[in-house]
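A short worksheet on the structure shown next.
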Amino acid sequence: MDIFALAGQNLISPMVLCFALGLGASLARSDLSVPEAAAKALSIYLLFAIGFKGGVSVNESGLSADLAFALLAGVALSAAIPLVAFAILRAISRLDAVDAAAVAAHYGSISIVTFVAASASLTALGVTYEGYMVAVAAAMEAPAILTALWLAHRGHPASAGPAEAGLWREILLNGSIVLLIGAFAIGWITGPDGRAEISSFIDAPFRGVLCLFLLDMGLVAGRGLSRSARLLSPAVVAFGVGMPLVGAALGATTALALGLSVGGTAILITLAASASYIAVPAAMRVALPEANPAISLTLSLGVTFPFNLTLGIPLYIAAAQRLAG
Amino acid sequence: MDIFALAGQNLISPMVLCFALGLGASLARSDLSVPEAAAKALSIYLLFAIGFKGGVSVNESGLSADLAFALLAGVALSAAIPLVAFAILRAISRLDAVDAAAVAAHYGSISIVTFVAASASLTALGVTYEGYMVAVAAAMEAPAILTALWLAHRGHPASAGPAEAGLWREILLNGSIVLLIGAFAIGWITGPDGRAEISSFIDAPFRGVLCLFLLDMGLVAGRGLSRSARLLSPAVVAFGVGMPLVGAALGATTALALGLSVGGTAILITLAASASYIAVPAAMRVALPEANPAISLTLSLGVTFPFNLTLGIPLYIAAAQRLAG
Amino acid sequence: MDIFALAGQNLISPMVLCFALGLGASLARSDLSVPEAAAKALSIYLLFAIGFKGGVSVNESGLSADLAFALLAGVALSAAIPLVAFAILRAISRLDAVDAAAVAAHYGSISIVTFVAASASLTALGVTYEGYMVAVAAAMEAPAILTALWLAHRGHPASAGPAEAGLWREILLNGSIVLLIGAFAIGWITGPDGRAEISSFIDAPFRGVLCLFLLDMGLVAGRGLSRSARLLSPAVVAFGVGMPLVGAALGATTALALGLSVGGTAILITLAASASYIAVPAAMRVALPEANPAISLTLSLGVTFPFNLTLGIPLYIAAAQRLAG
Amino acid sequence: MQTHQAKRIEIIIEAPMQRRLEEALTRAGVTGYSILPVMGGNGRSGPWSREGQVGRAGGLIAVVCIVRPDAKDALLEAALAVLDRHIGVVSVADCEVLRAERF
Amino acid sequence: MQTHQAKRIEIIIEAPMQRRLEEALTRAGVTGYSILPVMGGNGRSGPWSREGQVGRAGGLIAVVCIVRPDAKDALLEAALAVLDRHIGVVSVADCEVLRAERF
Amino acid sequence: MQTHQAKRIEIIIEAPMQRRLEEALTRAGVTGYSILPVMGGNGRSGPWSREGQVGRAGGLIAVVCIVRPDAKDALLEAALAVLDRHIGVVSVADCEVLRAERF
Ligand SMILES: Nc1ncnc2c1ncn2[C@@H]1O[C@H](COP(=O)(O)O)[C@@H](O)[C@H]1O
Ligand SMILES: Nc1ncnc2c1ncn2[C@@H]1O[C@H](COP(=O)(O)O)[C@@H](O)[C@H]1O
Ligand SMILES: Nc1ncnc2c1ncn2[C@@H]1O[C@H](COP(=O)(O)O)[C@@H](O)[C@H]1O
Ligand code: NA
Ligand code: NA
Ligand code: NA
């Protein structure tokens with residue numbers, strides 16, 4: 001299927017439309033809302049299911065040195081992307097070093113929902129990917145934070161003091177990393193038998209749950225946009241759309257070097273192109289409180305996420321088909 | 001199937017029994033309870049699923065002028081029923097104009113769960129209905145409020161001042177309307193392909209989720225009854241059982257005029273017979289704070305809803321089979 | 001299958017691994033957590049599903065005097081076990097009479113999740129059990145509390161005054177008993193037709209939901225252990241592992257006397273071996289506030305529950321196969 | 001702005017005791033109170049949190065009561081009788097209220 | 001420890017009025033407030049609880065506002081205008097704050 | 001009714017800082033505190049709400065601490081050290097407590 005057909009079809013998928021519904025509802029100031037506890041429950045479900053499935057597929061395909069290389073490459077990507085992002089932001093926008101570093105951390109890290117959405121698109125196309133990409137995703141969550149703190153400290157020494165030990169434990173053991181890796185391990189250990197046991201829980205309703213979660217993300221993104229869009233200068237918005245493409249290019253190069261499959265390439269591109277909106281914001285509040293959280297979050301959730309969901313993912317899949325096909 | 005068989009079977013369906021369990025548990029003062037966030041999540045699921053399915057069915061059947069007529073008729077019904085309800089209440093009960101207007105608003109508007117329960121009963125009987133009835137349901141939520149505010153203002157000028165602009169936005173964009181219409185639009189756009197994609201989420205568990213939601217409604221209704229039953233005079237209780245039948249008659253007439261199918265007729269009768277317990281109460285608190293909320297809510301949720309759920313729906317379906325069959 | 005194979009397989013089942021993941025995550029102080037409302041919703045689902053299925057199976061098999069005997073035996077077991085537990089605790093540990101009585105109440109009562117996990121294991125092995133065991137489980141929740149209050153009052157008259165009427169209503173009508181019995185009744189009334197109606201809700205996702213609930217239990221157990229493990233002396237920990245075996249022996253004897261099937265025997269053993277962690281703790285806070293809740297809860301949830309989940313259940317099933325097979 | 005003297009009483013009490021406290025307050029003639037959720041805390045009996053908890057044990061609630069100064073003692077006595085052997089904290093602060101006719 | 005005089009204003013108001021109260025506070029120049037959930041309560045209109053509720057009607061929220069003493073009156077007037085015919089309780093207490101530059 | 005002077009300290013702080021605040025309070029010898037959820041608010045950094053949020057960033061909590069008057073300063077210093085560069089509001093009010101032996 002060519003890229004325009006893919007993109008067109010993607011735009012009218014239930015997933016994208018649910019996000020659009022949420023976005024529209026909150027921009028129109030409807031009081032539609034998903035309770036916090038329900039949103040968290042949906043995200044626990046998605047993390048568990050995607051992690052578990054990745055583990056099962058590693059159980060089936062067996063393990064090789066590839067996993068180790070991919071993990072290392074993921075860590076390197078996550079640590080490197082903030083350098084690029086920071087340089088671009090300082091060049092084109094007026095963000096100060098601290099805000100630029102905070103934004104850069106978000107773009108080096110990853111968004112699991114973007115990963116999940118790409119995975120759902122691949123599944124719909126019948127394309128498989130290396131199960132260990134789940135572990136790579138988890139490995140890419142944290143390194144960007146380290147780079148960003150270093151960048152902020154360089155630019156503004158008072159701002160980011162010596163990171164305390166507790167911070168590192170917190171970042172590395174944050175709930176989404178632990179659940180993703182834990183579910184991956186469970187899937188790996190229990191394999192296809194385990195999957196058969198709980199398949200009607202983690203497979204059947206998966207896309208529907210994703211739709212409701214995207215509805216919630218649309219609501220939250222819309223609320224962020226209507227409150228904080230004025231904080232985003234045109235240059236910053238341009239960054240929000242351009243940076244995913246830069247990340248995607250870095251991801252594509254890495255995927256080629258690793259020799260990943262078409263699906264694996266699409267996933268790695270997507271991860272590199274995506275921006276965190278859960279783990280990194282919390283870490284930034286602790287370690288870089290001077291950064292204005294509304295800037296990075298509105299950019300990540302209100303600009304980059306919708307871009308990736310609508311145009312990015314079909315583009316990354318098309319690119320992967322060209323490059324690794 | 002004759003109406004007694006239908007009603008008898010309905011009384012021992014899991015849906016009705018779950019409601020009865022909730023009602024009994026809270027009347028017996030058990031501490032059984034469904035968390036607020038879970039109840040909201042269940043209702044989001046039901047609204048999304050019923051809206052989406054309606055949209056898909058419109059996608060399949062194509063659109064005609066019927067939709068426009070049905071929408072107009074729904075709006076007219078919703079706006080007219082409060083006049084009848086108000087007149088009856090003032091004639092038979094001692095409620096003052098403000099309380100009577102508030103109650104009337106509830107009965108002109110609709111209860112989505114009653115709609116969902118009727119839809120489930122129809123599905124079990126293999127009867128289909130026009131998919132656009134979902135849009136009609138959404139259209140019937142708000143007009144009754146307008147009529148009721150006018151009634152209250154007539155009867156008691158100080159009580160309902162000129163409605164501020166914000167109120168109208170709030171009523172028209174309230175969460176349940178937006179979600180219902182939004183899911184309807186998504187179903188319409190994505191059609192049978194979209195449904196196939198998320199069917200194991202919105203179809204398979206639908207009735208079970210409805211059961212749990214009815215359990216919760218029973219709990220809430222029972223709590224309301226044990227706290228506020230003393231506020232309901234015999235005349236008011238009689239209204240709670242009689243008014244659905246009046247509404248049903250108006251709904252049936254309208255359905256005949258519209259030439260709806262058997263299923264569509266049953267749904268429109270049900271909508272006209274049902275009384276709001278989510279959207280209207282909130283609007284009344286803002287616009288008509290002098291009205292005692294316990295009266296309308298206890299009547300709607302504690303008397304009319306159980307009546308419709310147990311006897312009303314089978315009766316409305318039987319009537320539809322006679323009239324439109 | 002021999003017991004070691006059974007136990008080995010059980011240890012690497014998704015259920016046990018999910019519990020282990022939760023336990024590990026909270027011992028490592030990850031911030032992974034399941035919202036309170038979501039945990040309650042999961043538990044409502046499990047209670048409803050297990051109760052309903054039990055009722056359906058009674059509907060199918062018909063009712064006999066067996067149910068009455070089993071109920072009586074369950075009540076007697078629940079009332080008697082605290083006597084044994086109290087005597088053991090006073091002999092081997094330094095717990096005072098009040099704390100020992102509180103712990104004893106937990107062990108006389110039952111844990112529904114342990115029951116659910118045993119039921120899932122039996123189902124996986126293709127072993128059925130008497131549907132009315134659900135009612136027996138409900139009947140075993142409360143009697144232990146009565147015995148324990150009597151024990152505490154004997155040992156420390158000031159502590160447990162004359163139990164007020166409200167307390168008994170509260171204990172007998174606590175949410176989990178009402179939901180379990182109510183769902184059982186609904187399943188009984190609606191039978192296989194009712195089950196067919198909601199089967200894709202209560203059957204298909206059952207094990208997956210159980211996995212997530214066990215994840216949550218692991219998290220809560222781990223938190224309890226890291227906060228309160230120091231309160232548990234080695235003797236008390238030994239009690240936490242030994243008492244289930246004592247309870248199991250009593251349960252096995254009773255099951256033999258009742259002439260239960262293999263499955264029913266395994267369930268009754270499991271019930272007798274399990275320790276409450278929801279209903280009893282709340283009752284103890286009201287009736288025996290001098291007891292340190294951290295001791296009984298950490299012991300029940302942090303020691304006995306994991307023991308039963310990992311080693312106990314396979315052992316009880318194997319024993320049932322020997323005894324009743 | 002016309003305000004009146006009142007007392008703000010805050011009772012932090014174990015969730016399983018909620019019904020008893022409510023009944024006692026009503027018996028003591030308290031005309032209004034609001035209950036706020038508490039999500040965690042720490043005390044002599046150690047830290048706790050509601051996260052992932054299913055049962056009501058192991059949780060507190062905060063009952064806030066604004067009363068006329070002369071109603072304070074009856075309320076405190078009622079609260080104390082319920083608290084008795086139980087965990088819980090009662091604090092009383094001076095405040096002023098609008099719309100005193102509502103108390 | 002350097003502290004400054006301030007007022008702690010607590011407005012318990014019906015949830016459906018939240019947006020209006022927030023707008024009124026903002027118009028009155030209030031620079032900060034926090035909203036706490038209320039899970040139940042009792043008053044002249046009877047007991048209520050949020051358990052199992054889907055709609056916003058039948059619930060209250062507690063808005064806590066720490067302000068400089070001189071900002072008190074404007075805030076109370078704004079709150080009173082919103083409360084008007086509605087259920088709700090407003091209380092004001094003296095307090096001291098750290099970091100007064102933030103108010 | 002026998003009551004004792006005490007201080008009611010309320011610390012509204014970002015949720016991601018909860019653990020650090022709890023540790024600091026414990027180090028400062030605070031014997032008890034309760035944590036209440038905050039569902040939204042407004043301040044110089046704009047309005048916020050917890051609705052639909054998955055992460056902890058973008059949320060506050062309210063820590064309520066009733067202490068003997070002489071423990072106040074140690075507590076405030078500990079809280080201030082944690083708050084430091086962070087968003088948050090600390091207020092102190094006089095109150096009286098029952099059962100003073102529990103503090
Ligand atoms: N001084 C205090 N201020 C606020 N809350 C307290 C205080 N003391 C105890 N609490 C609450 O009451 C619970 C039980 O306290 P304790 O009985 O000291 O273990 C604690 O976990 C807190 O939630
Ligand atoms: N004196 C009070 N103290 C605290 N909350 C109150 C008080 N009076 C009323 N409320 C709250 O406001 C609600 C409505 O009060 P009312 O208008 O008296 O029915 C009650 O259910 C309580 O949640
Ligand atoms: N004066 C205040 N009273 C109560 N809460 C406040 C106050 N100021 C700030 N807050 C809370 O702290 C958050 C951050 O405040 P700010 O740093 O001013 O943006 C606000 O969104 C409120 O939730
Ligand atoms: Na990235
Ligand atoms: Na109606
Ligand atoms: Na037991």
Side-chain angles (χ1 to χ4, degrees), chain B residues 22 26 31-44 46-47 112-113 158-161 164 166-167 169-170 174-176 213 215-224 226-228 230-231 276-290 292-294 296-298 301, chain E residues 10-30 33-64 75-91:
Chain B
S26 64
D31 69 350
L32 178 59
S33 76
V34 174
E36 181 182 350
K40 281 187 182 158
L42 294 175
S43 100
I44 288 173
L46 292 173
L47 285 167
I112 285 289
V113 194
S159 70
E164 15 136 21
L167 179 63
R169 156 180 250 126
E170 226 168 72
N174 92 61
S176 56
F213 190 68
L215 173 71
D216 176 57
M217 286 191 65
L219 289 166
V220 174
R223 213 165 56 210
S226 51
R227 285 174 178 176
S228 313
R230 57 181 172 73
L231 297 175
S276 172
Y277 69 100
I278 298 182
V280 175
M284 290 298 113
R285 288 320 295 150
V286 171
L288 218 53
E290 291 79 8
N292 183 342
S296 13
L297 199 59
T298 310
L301 191 54
Chain E
E10 189 177 73
I11 306 169
I12 299 184
I13 190 174
E14 292 184 88
M17 298 300 292
Q18 176 176 339
R19 183 176 59 72
R20 286 168 182 78
L21 179 64
E22 293 198 55
E23 287 169 4
L25 293 179
T26 305
R27 276 196 306 270
V30 172
Y33 54 83
S34 295
I35 305 181
L36 278 69
V38 181
M39 55 188 259
N42 203 347
R44 290 161 312 147
S45 46
W48 64 276
S49 142
R50 282 306 299 160
E51 269 173 3
Q53 300 268 15
V54 171
R56 297 206 82 193
L60 305 189
I61 54 168
V63 179
V64 173
L75 193 162
L76 289 184
E77 255 155 54
L80 205 53
V82 173
L83 271 174
D84 184 25
R85 300 173 292 148
H86 292 274
I87 281 176
V89 177
V90 181
S91 66

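In what follows, chains are A, B, ... by sequence order, proteins preceding strands, each numbered from 1. Just so we're clear, the structure is a prediction, and the values are computed from it rather than from any experiment.
A distance of 8.5 Å separates CD of B:Glu36 from OG of E:Ser49, quoted to the nearest 0.5 Å. Remark: E:Gln53 CD to B:Leu219 CG distance equals 11.0 Å, nearest 0.5 Å.
Heavy atoms closer than 4.5 Å to chain E are found in both the backbone and the side chain of B:Arg285. Only the side chain of B:Phe213 comes within contact range of chain E, judged by heavy atoms closer than 4.5 Å. The part of E:Glu14 that comes within reach of chain B is its side chain, from C-beta onward, which places non-hydrogen atoms under 4.5 angstrom from that chain. Heavy atoms of B:Pro293 lying under 4.5 Å from chain E are absent altogether.
Heavy-atom minimum distance, E:Glu51 versus B:Val220: O-CG2, 3.9 Å. The heavy-atom pair separating B:Ala282 from E:Pro16 by the smallest distance is O-CB, 4.0 Å. Residue E:Gly52 comes nearest to B:Ala39 through the heavy atom pair O-CB, 3.5 Å, listed as atom of the first residue, atom of the second, then distance.
Listed options E:Gly55, E:Pro47, E:Ser45, E:Gly58 were ranked by heavy-atom pairs under 4.5 angstrom with chain B; first place goes to E:Pro47. For the set B:Val34, B:Val286, B:Ile278, the count of heavy-atom pairs under 4.5 angstrom toward chain E peaks at B:Val286.
In this structure, B:Glu170 does not pair ionically with E:Arg56, as no charged nitrogen and carboxylate oxygen lie closer than 4.0 Å.
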Q. Under the side-chain contact (heavy atoms from CB on, under 4.5 Å) criterion, do B:Leu167 and E:Arg20 qualify, and how do the steps go?
A. CA-CA 10 Å; B:Leu167 179 63; E:Arg20 286 168 182 78; 3.9 Å; yes
